[in-house]
Amino acid sequence: MTKLLNKNVKELLASEEFGQKVVVKGWVRTKRGNKNIAFVALNDGSVIHNIQIVIETASFEEELIRKITTGSCLCVEGILVASSGQGQKVEIQATDIIVYGTADPDVYPLQKKGHSLEFLREIAYLRPRTNTFGAVLRLRHAMSFAIHQYFNDRGFFYFHTPLITASDCEGAGAMFQVTTLDMNNLPLTPEGKTDYSGDFFGKQAALTVSGQLEGELGALALGKIYTFGPTFRAENSNTPRHLSEFWMIEPEMAFYEIKENMDLAEDFLKYLIRYALENYRDDLDFLCKMWDNELIDRLQFVLENDFVRLEYTEGVKILMESGQKFEFPVSWGIDLQSEHERYLVEKHFKKPVILTNYPKDIKAFYMKQNEDGKTVRAMDVLFPKIGEIIGGSQREEDYDKLLSRVQELGLSQESIWWYLDTRRFGTAPHSGFGLGFERLMLFITGMANIRDVIPFPRTPNNIEY
RNA sequence: UCCUCGUUAGCUCAGUUGGUUAGAGCACCUGACUGUUAAUCAGGGGGUCCUAGGUUCAAGUCCUAGACGAGGAGCCA
């Protein structure tokens with residue numbers, strides 16, 4: 001029995017076992033040639049590059065060769081040889097070909113020439129087969145893996161927070177309701193409101209908008225934890241930076257103060273960038289060439305430079321003294337607009353900026369209050385091109401301070417009694433932050449629209465695939 | 001949700017002050033070419049000009065409404 005080398009395209013391209021009999025399976029990107037010889041560029045998703053299959057047409061049925069069109073799927077048996085052509089080092093001289101699946105050229109939407117990203121979004125079920133999405137999706141995997149690796153190596157535990165939560169919890173944005181009630185015949189309370197007592201959970205429930213509050217419980221038991229899971233926002237946001245369903249990484253650390261929190265955020269982001277550059281350079285080079293010529297330089301730059309650490313008050317001062325005309329005027333106490341963040345990051349410092357100590361009135365109730373009575377220990381990491389990539393803070397661990405803040409803001413104590421209780425039982429200083437995974441992917445890939453860094457984007461009015 | 005722009009062949013787009021039968025490149029099909037590199041060359045087929053109304057002798061072109069898409073803003077990650 002002949003020994004067959006069953007390797008993927010990535011492995012075959014790196015192989016030098018010329019003369020070896022091999023089998024390769026994949027999808028046809030292009031076919032070209034003439035009456036006597038055909039060249040097929042075959043890709044199996046393992047790597048951005050294709051392997052060239054050389055077909056002496058005389059050795060095969062004409063009908064078989066006709067079936068080999070862009071998008072069709074093949075199993076090719078052949079000999080791995082050094083290429084006599086210019087474009088590649090190795091190629092496969094085909095001896096046997098099975099067409100697993102044809103792709104009728106009249107109706108197959110993907111062509112071997114360029115498509116717009118907007119068009120590819122309309123055929124999201126096929127776009128993973130393109131070079132661009134192959135690269136993006138391999139990098140998406142790489143970043144997922146590197147995130148687990150980073151935290152695992154540093155003693156963090158992966159902590160699973162619930163996706164379905166009681167809905168009247170505080171926090172960001174509108175929520176998607178989860179119910180098994182008959183929407184066409186809702187039970188009503190005597191006051192005429194929906195009666196949830198007969199609903200699946202016996203009360204109103206929704207998809208989570210953040211795992212942070214539960215994550216804090218984990219940190220106050222296991223020390224250092226991180227979450228990495230989907231979150232859901234029912235906001236009607238139509239921008240290149242927002243999704244209705246996105247993935248978030250939320251580390252939470254007992255005994256970390258804001259400074260250590262910042263150090264972790266910076267080290268973490270640099271680790272991920274370095275991981276991509278060192279392990280997925282081919283995909284980055286492709287994306288750099290095709291979509292964003294400054295991608296590699298920008299990644300290198302962020303990697304090599306310290307992030308600027310700046311207090312909100314200082315930032316506001318810089319903005320007010322800048323002489324720059326802003327659409328929204330700057331004064332102490334305002335929430336910074338995109339234009340302000342962009343000015344600080346892209347014009348003034350030309351580096352990533354970590355902005356800290358925001359006015360308490362524009363930040364969440366759980367952030368640790370500073371002694372000045374005006375600010376809280378929040379930190380936002382601002383990146384060039386995409387703006388806020390991380391938001392985090394040291395958490396308020398003092399029960400009375402936290403409770404008074406909850407009351408000030410008129411939040412419902414009943415729904416987060418368990419969260420407040422952590423400050424009654426063995427409370428500890430702790431900190432954490434949230435990283436939007438797709439925001440990270442925008443930065444890593446250089447893609448401009450967040451719908452192009454997730455396989456199946458969920459946005460208002462978009463749920464076909 | 002607000003503002004701006006857009007929607008013409010499978011894809012990317014052109015289409016002049018409203019005027020005869022709506023064009024190009026690529027893709028596809030046919031043919032040519034002994035090794036191509038998003039192959040090349042020649043020929044061919046392919047259109048609900050987003051939808052519905054309206055103005056006009058005449059609408060892809062002007063008006064109104066709607067649908068969809070993109071960019072910016074807000075919300076945020």
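So that the names make sense, note that chain A is the first sequence line, chain B the second, and so on, each numbered from 1.
- Shown here are the side chain to side chain donor-acceptor pair (under 3.5 Å) partners of A:Arg342, two or more places apart in sequence or in another chain: there are none.
- Near-neighbour residues of RNA chain B inside residues 86-111 of chain A, defined by a heavy atom below 4.0 Å, number-ordered: A:Gln86, A:Gly87, A:Gln88, A:Glu91, A:Gln93, A:Pro105, A:Asp106, A:Gln111.
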For residues 78-89 of chain A, which side-chain N or O atoms pair as donor and acceptor with protein atoms under 3.5 Å away, sequence neighbours left out?
unit_1: A:Ser83; atom_1: OG; unit_2: A:Gly85; atom_2: N; d: 3.0
unit_1: A:Ser83; atom_1: OG; unit_2: A:Gln88; atom_2: NE2; d: 3.0
unit_1: A:Ser83; atom_1: OG; unit_2: A:Glu91; atom_2: OE1; d: 2.7

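- Residues meeting the side chain to side chain donor-acceptor pair (under 3.5 Å) test with A:Thr30, sequence neighbours left out: A:Arg32.
- Rounding to whole angstrom units, CD1 of residue A:Ile48 and P of B:A38 are separated by 14 Å.
- Residue-level contact check: A:His242 touches the bases, meaning some heavy atom is under 4.0 Å from a base atom.
- Residue pairs meeting the salt bridge (charged side-chain N to carboxylate O under 4.0 Å, His left out) criterion with at least one partner in residues 42-54 of chain A, sequence neighbours excluded, do not occur; the list is empty.
- Scored by the salt bridge (charged side-chain N to carboxylate O under 4.0 Å, His left out) test, A:Glu408 finds A:Arg405 as partners (sequence neighbours excluded).
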Could you go through residues 382-393 of chain A and list every donor-acceptor pair under 3.5 Å that involves a side-chain atom there, pairing it with any protein atom two or more places apart or in another chain?
unit_1: A:Lys385; atom_1: NZ; unit_2: A:Asp292; atom_2: OD2; d: 3.3
unit_1: A:Ser393; atom_1: OG; unit_2: A:Arg395; atom_2: NH1; d: 2.7

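- At least one side-chain heavy atom of A:Phe228 sits less than 4.5 Å from a side-chain heavy atom of A:Ile147.
- Mapping A:Leu435 and A:Thr69 onto RNA chain B via the closest heavy atom, the residue that lands nearer the 5' end is A:Thr69.
- Paired regions of RNA chain B, where each region holds three or more successive Watson-Crick or G-U pairs whose two hydrogen-bonding distances fall under 3.5 Å, are B:1-7 with B:67-73, B:10-13 with B:23-26, B:28-32 with B:40-44, B:50-54 with B:62-66.
- For the pair A:Arg121 CZ and B:G71 C1', the interatomic distance rounds to 11 Å; values are reported in whole Å.
- Only at 4.0 angstrom or more do the heavy atoms of residues 133-148 of chain A sit from any atom of RNA chain B, so none qualifies.
- Of the candidates A:Lys351, A:Lys259, A:Arg309, A:Glu266 forms a salt bridge (charged side-chain N to carboxylate O under 4.0 Å, His left out) with just one, namely A:Arg309.
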Annotated protein contacts, base or backbone, on nucleotides 41-50 of chain B with a non-hydrogen cut-off under 4.0 Å, one of B, S, - each:
----------

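- Rounded to whole angstrom, the span from the CG atom of A:Asp452 across to the P atom of B:A70 amounts to 9 Å.
- Here B:C68 presents its P atom at 13 Å from CD of A:Glu464, a figure rounded to the nearest Å.
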Extract from the structure each pairing of a protein N or O with an N or O of nucleotides 1-6 of chain B at less than 3.5 Å, listing the distance.
unit_1: B:U1; atom_1: OP1; unit_2: A:Asn236; atom_2: ND2; d: 2.5
unit_1: B:U1; atom_1: O4; unit_2: A:Asn238; atom_2: N; d: 3.4
unit_1: B:U1; atom_1: O4; unit_2: A:Asn238; atom_2: ND2; d: 3.3

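- Set against B:U30, B:U34, B:A73, the side chain of A:Asn36 has B:U34 as its closest nucleotide.
- Among the atoms of the strands shown, base atoms are found under 4.0 Å from some heavy atom of A:Phe246.
- In this structure, A:Glu62 atom CD and B:G31 atom C1' are separated by 13 Å, rounded to whole Å.
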Let me check something: any side-chain donor-acceptor pairs from residues 456-465 of chain A under 3.5 Å, sequence neighbours excluded? List them with distances.
unit_1: A:Arg458; atom_1: NH1; unit_2: A:Tyr465; atom_2: O; d: 2.8
unit_1: A:Arg458; atom_1: NH2; unit_2: A:Tyr465; atom_2: O; d: 3.0
unit_1: A:Tyr465; atom_1: OH; unit_2: A:Glu122; atom_2: O; d: 2.8

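- Contacts of A:Ser338 with the nucleic acid, taken as non-hydrogen atoms under 4.0 Å apart, involve only primed sugar atoms and P, OP1 or OP2.
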